[in-house]
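These numbers come from the heavy atoms of this one structure, side chains and all, not from hydrogens, waters or symmetry mates. Counting starts at 1 for both ligands and their atoms, in listed order.
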Amino acid sequence: MTISQLSRKNVQALTPYQSARRLGGNGDVWLNANEYPVSPDFNLSERIFNRYPEPQPEAVVKGYAAYAGVQPENVIVTRGGDESIELLIKAFCESDDSVLYCPPTYGMYAVSAETLGIAAKIVPLSAEFQLDLPEIEKNLTGVKVVFVCSPNNPTGNVLNPADLQRLLEMTTNKAIVVVDEAYIEFCPASSIVKQLKNYPHLAVIRTLSKAFALAGLRCGFTLANPELIAVLQKVIAPYPLPTPVSDIAAQALQPQGLAQMRQRVNSVLTDRAWLIAQLNAIEIVEKVFESESNYALVKFQDGEKVFKALWEKGIILRDQHKALGLQNCIRITIGTQAELEKTIEAIKAV
Ligand SMILES: *Cc1c(COP(=O)(O)O)cnc(C)c1O
């Protein structure tokens, strides 16, 4: 037996998540991972590294709870939002249960389920990228965790609040509903967090990777009622957050950090409007989808051609050609004004 043959069958069959970094590229303009284009500046204040860190660093939990408008007992801090996805499946799915998700959407729901050997039911979004509730309802048997994403990556739209409420109603006492709000800072009024008090089976995923400009930190959160949080506490690693991570996360959640985050959001919204207007005036652009996030999904006449031409010029975008229903689509992160200008010029030159 080779080492790979010794690994679990589902691991043998696994295609790892095609992260932006893994896909490579030789660029000087990186608009493929929905990062903020400029790093914030922090100094480490913690100097004690010989001790294990706090399992759930109090300053981060309290800071995030205050920011999100919930109580500290509604918060668990994780190693990025991605760890939250895995913890939820680990904690709630027996080997013969399934998860359900609605493509085109974030790829990690599929990858985490496959890694853990949990089957997935796939109910595509409608043509308007909204939930297909009748199909979801028909497919709920055996489903323990439903993943939805709002604003949805890569389409950029928010899900209808009434649909989310219907989804929560139809899953009561059956399954956990996970609403992934990685991009909610770009449209804070659309958050479902206010519904936590009504639904013990609702879990909301958040992250510092997007509007907080801290993707390198690997810090995320799940917000839920205390009973659900306690279940996740059972399966999380003993010391998930390195001391320097919680040190910086706590600073980012101070009033000054929050004010900077909101400034960043405002500049992204301004730049997004500029980018979309420019794109709409280009002949080879077929459609720019409405976005509530820090990226825009664009359909071209020939998406592959545009993607490759910009790749050659060191402008790295995210190809969505293979995503369900997104032929010829490319996702463009809102970078700096200079990066966006370069991108527009390069697209015009195709
Ligand atoms: C970026 C992202 C996450 C989480 O990212 P982390 O860097 O692991 O916090 C979760 N969901 C979606 C939809 C994302 O785009």
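- Taking only nitrogen or oxygen atoms, main chain and side chain alike, Arg218 reaches within less than 3.5 Å of ligand 1.
- Close approach of ligand 1 to Cys149 is summarised as follows: ligand atoms under 4.0 Å from at least one heavy atom of the residue are 13 (C).
- Every N/O-N/O distance between Arg79 and ligand 1 stays at or above 3.5 Å.
- Here the heavy atom of the protein found nearest to atom 3 (C) of ligand 1 is Lys210 NZ, 3.6 Å.
- Look at Lys342 and Glu345 and you find no salt bridge, because none of the NZ, NE, NH1 or NH2 atoms lies under 4.0 Å from a carboxylate O.
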inquiry  = Run the side-chain contact (heavy atoms from CB on, under 4.5 Å) test on Phe147 and Val99 for me, step by step, so that the C-alpha distance in whole Å, both residues' side-chain angles and the decisive distance to 0.1 Å come before the verdict.
reply    = CA-CA 7 Å; Phe147 287 102; Val99 302; 4.2 Å; yes
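- Atoms of ligand 1 lying under 4.0 Å from any heavy atom of Ser209, numbered from 1 in the order shown and given with element: 6 (P), 7 (O), 9 (O).
- What sits closest to atom 11 (N) of ligand 1 on the protein, heavy atoms only, is Asp180 OD2, 2.6 Å.
- For the 3.5 Å distance criterion, the side chains of Asn294 and Arg264 fail to qualify, holding no donor opposite an acceptor.
- A salt bridge links Glu137 with Arg166: the closest approach of a Lys/Arg side-chain nitrogen to an acidic carboxylate oxygen falls below 4.0 angstrom.
- Both the sub-6.0 Å distance and the 45° axial angle are not jointly satisfied by Arg206 relative to the ring of Phe221.
- Of the heavy atoms in Glu83, none comes closer than 4.0 Å to ligand 1.
- In terms of polar-atom proximity, Gly81 is counted as a contact of ligand 1, with an N or O under 3.5 Å from an N or O of the ligand.
- Here the heavy atom of the protein found nearest to atom 4 (C) of ligand 1 is Asp82 OD1, 3.7 Å.
- Each of Ile229, Ile192, Ile205, Val193 was checked for a side-chain contact (heavy atoms from CB on, under 4.5 Å) with Leu223, and the lone residue meeting it is Val193.
- Residues Tyr67 and Phe212 place their aromatic rings such that the two centres sit under 6.0 Å apart.
- Residue Tyr106 has no N or O atom closer than 3.5 Å to an N or O atom of ligand 1.
- Near Ala182, meaning under 4.0 Å from any of its heavy atoms, are these atoms of ligand 1: 2 (C), 3 (C), 10 (C), 11 (N), 12 (C), 14 (C).
- The atoms of ligand 1 that sit less than 4.0 Å from any heavy atom of Thr207 are 6 (P), 9 (O).
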